[in-house]
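All heavy atoms count here, side chains included; hydrogens, waters and symmetry mates do not.
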Amino acid sequence: MPWVAGAIFAALGCSNHAEPNNTVGSTPAAGGGALGEGGPSVSTDADVTASGTSSSSGGNDGGSTNSAGGTIRSADGSGVATSGMDGNSPATDGGTLDITNSVLERNKHPSRDGNFVQPTLTKAKAGAMVPEANFKATFSGAMWTSPLYLEDGPANKGAFFAATTANTVYALDETTGAVVWMTLIGPPATGPGVGCGDIHPIGILGTPVIDHATRTLYVAGNMGPGATTGFEVHALSVDDGKERPGWPVNLSKVTSGNLAFDAGAENQRGALSLVNGILYVPFGGHNGDCGPYHGWVVAIDTKTPTTVAAWASSGLGEAIWASGGMVSDGNGIIAVTGNSNAGGTQHLDSEEVVRLTGMATLDRSDTNIYYPARWRTLDAADDDFAATNPILVHVPGAAPSSYVLAATKDRHAYFLDSQHLGGMDGHVADHVVAGVTHSVRTAPAYYQTGMGAHVALTVDDHAVCPTGAATGGPVLMSILIAPGTPIKPQTIWCAPIVGFIGTGGTHRTSAPIATTTDGTNDAIVWVASGGMLLGVDGDTGKTIYSGGACSNVRQWTSPIAVKGRIVVGGDGHLCSWAAP
């Protein structure tokens, strides 16, 4: 994880398995998902037979230091990387303070913590935030992805990156917002072709990932024209948007055991992951749960892109569809599946937290799998895990100190030992965050203050708050995990989300992120809703900032924090707030 208590440094400068039709502001949202099993698969790009065992090493993060024990990751372009992971990855033992500016993947780190060190963004300055009127970052297409940022982008200038459902990827000047380059990866599908789904066109939905070492942006697109003809994974130069040699990878021939990848039934909503040179791409179904979809995780060796393998869920359905994607501590990825569509009394891979390593290989044991004993109830009610992505949480003074947080749609936040997921009901703690089912669909964030470790998340309706159940939802809440063993998670505050549009608990907010000035101080939790930006005190939930206007922000996307700015992506534009 990026930091721990006791290692504080001075900053150095710098619904169904698919989403209902809603946005943060006024427009629709969507996409389902699923995960799966089936052993390492053999699949290919074109006619090349893929190996199910290959792996490769990644590069470094533009001069970041990833060693343990309280190391400061320097700003891009200085320092020496020591991590064995890809360039996106801070140390996972909680000892590293990441002060880099680049945002290379969804929620900043492979831990998916959504935690940004912003030395200049104090609570006092945050209260004076204003929209940046001179930042004109406009483009064409609906944006279901979260924005990314590269400090040493094209021509060694900072650039934001946006990807759209029109299968377009844009690089945008960090100061003016002007388009630096635009790449169309191919015509998007205009419909899934399986009788359900509500996104049209349905091109790029999953947030891309950038490999700083090779200066490559990886992105997955649903290809058309017309109904889905297949999925392609592209590798674009961050400097000019041109395709890298050997790419794209066509997934039409991917298999897992005897199961063939059915592109028309699948949907790619979750963020991509890059770990040790292996690109992981999650899949699931469309809104409406139609067609014979499974959950899939496709693995591509980025050094030899003809080497492709996959893991698919044993049962029908069992989606990995959360927009935040999967989590990594450096040893493969950890994904969360949804409910089975087949019923039955035998547990297959539904309602499951599962670790895949190497080329999407599963060692099926209690070390690598968790599921609650009440999985049948979750299946029957469509209250799946897969509505919220997992994150890593570091709790100083606890044993173990590293946990996977995985939340079910029906209000349970499970804390799992990250090194031994626990098999059936092997969770370390179960914290209830709401009083009704179908209430948790989000991408959480993790941060630390002097009080301990915090997890921030949104709850759609009837949140269980310190002052009682909140019936007007949604709310933003913080779960505190104070030092000590066993851990005892407790909700310490709830903040009503301003600007909410909708009735009956309909979820139209973004997911939260957190900022601090040095790893623990001036903690602020940020979320977008109804076109507005909300920032609250990370210890108390008291409102620090509320205002601005950013239309058509899609639900469950996340803002990013860059050089004291909060940047939010919406259909056709990015919005930026900064202190005067």
Side-chain angles (χ1 to χ4, degrees), residues 5 107 112-115 322 324 372 383 385 387-398 403-416 427-498 500 505 507 509-516 520 523-527 529 534-544 556 558:
N107 275 30
R112 301 302 192 202
D113 55 23
N115 199 322
D383 276 325
F385 264 148
T388 297
N389 63 280
I391 65 170
L392 287 177
V393 176
H394 182 78
V395 183
Y403 299 86
V404 174
L405 170 73
T408 63
K409 195 189 296 181
D410 78 335
R411 69 200 177 96
H412 291 262
Y414 290 107
F415 289 81
L416 316 176
H427 50 270
V428 178
D430 174 10
H431 182 64
V432 176
V433 300
V436 296
T437 62
H438 273 62
S439 55
V440 183
R441 286 164 286 197
T442 188
Y446 158 77
Y447 62 100
Q448 288 192 19
T449 71
M451 299 175 66
H454 299 252
V455 174
L457 71 159
T458 55
V459 175
D460 294 358
D461 199 15
H462 285 76
V464 176
C465 300
T467 56
T471 59
V475 302
L476 176 64
M477 71 161 51
S478 179
I479 303 170
L480 173 67
I481 311 97
T485 302
I487 62 169
K488 298 178 180 179
Q490 59 176 318
T491 299
I492 59 166
W493 56 256
C494 290
I497 297 179
V498 299
F500 171 69
H507 191 94
T509 71
S510 79
I513 62 168
T515 60
T516 65
T520 57
I524 306 170
V525 180
W526 302 91
V527 69
S529 181
L534 172 67
V536 304
D537 188 298
D539 277 330
T540 68
K542 181 180 178 180
T543 298
I544 293 174
W556 310 316
S558 291

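- Legend: residues meeting salt bridge (charged side-chain N to carboxylate O under 4.0 Å, His left out) with Asp383, ordered by chain and number and at least two apart, are absent.
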Next on the checklist: Could you go through Val440 and Asp460, starting from their C-alpha distance and side-chain angles, then the distance that decides it, and tell me whether this counts as side-chain contact (heavy atoms from CB on, under 4.5 Å)?
Outcome noted: CA-CA 6 Å; Val440 183; Asp460 294 358; over 6 Å; no
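- Of all the heavy atoms in Val475 and Pro496, the pair that sits closest is CG1-CA, 4.3 Å.
- Residue pairs meeting the side-chain hydrogen bond (donor to acceptor under 3.5 Å, both in side chains) criterion with at least one partner in residues 474-488, sequence neighbours excluded, are Tyr447-Ser478, His454-Ser478.
- Residues forming a side chain to side chain donor-acceptor pair (under 3.5 Å) with Asn389 (at least two apart in sequence, or on another chain): none.
- When every heavy atom of Ala453 is checked against every heavy atom of Val395, the shortest pair comes out as CB-CG2, 4.3 Å.
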Next on the checklist: side-chain contact (heavy atoms from CB on, under 4.5 Å), that's the test. Do Leu534 and Thr543 meet it? Break it down for me.
Outcome noted: CA-CA 7 Å; Leu534 172 67; Thr543 298; 4.0 Å; yes
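- Residues satisfying the side chain to side chain contact (heavy atoms under 4.5 Å, CB included) criterion with Ala429, sequence neighbours excluded, are Phe415, Ile487, Pro489.
- By the ring pair (Phe, Tyr, Trp, His ring centres under 6.0 Å) test, His412 is found to be paired with Tyr414, residues two or more places apart in sequence or in another chain being considered.
- Residues satisfying the side chain to side chain donor-acceptor pair (under 3.5 Å) test with Tyr403, not counting sequence neighbours, are none.
- Separating the CZ atom in Arg112 from the CD1 atom in Ile391 is a distance of 11.5 Å, to the nearest 0.5 Å.
- Pro512 is listed as a side-chain neighbour of Thr442, based on a closest heavy-atom distance under 4.5 Å.
- The backbone N or O of Ser439 lies less than 3.5 Å from no partner atom in the side chain of Asp461, so there is not a single donor-acceptor pair.
- Annotation for Thr458 and Ser510: closest pair CG2-O, 3.9 Å, computed over non-hydrogen atoms.
- Gly324 approaches Ala443 most closely through the heavy-atom pair CA-CB, 4.5 Å.
- Evaluation of the side chain to side chain contact (heavy atoms under 4.5 Å, CB included) rule for Pro466 yields Thr491, Cys494 as partners, not counting sequence neighbours.
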Checklist entry - Going through the distances and angles, do His462 and Arg411 end up as a side-chain contact (heavy atoms from CB on, under 4.5 Å)? => result CA-CA 10 Å; His462 285 76; Arg411 69 200 177 96; over 6 Å; no
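- Of all the heavy atoms in Leu416 and His427, the pair that sits closest is CD2-CB, 3.5 Å.
- Between Val464 and Val433 there is no side-chain heavy-atom pair separated by less than 4.5 Å.
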Checklist entry - Step by step, would you call Thr388 with Lys409 a side-chain contact (heavy atoms from CB on, under 4.5 Å)? => result CA-CA 7 Å; Thr388 297; Lys409 195 189 296 181; over 6 Å; no
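- Considering only heavy atoms from C-beta on, Pro372 comes within 4.5 Å of Phe385 through its side chain.
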In a table with atom names and distances, give each donor-acceptor pair under 3.5 Å that connects a side chain of residues 535-542 to protein atoms at least two apart or in another chain.
residue : atom : partner : partner atom : Å
Asp537  : OD1  : Lys123  : NZ           : 3.4
Asp537  : OD1  : Asp539  : N            : 2.8
Asp537  : OD1  : Thr540  : N            : 3.2
Asp537  : OD2  : Lys123  : NZ           : 2.7
Asp539  : OD1  : Thr449  : OG1          : 2.7
Thr540  : OG1  : Lys542  : N            : 3.2

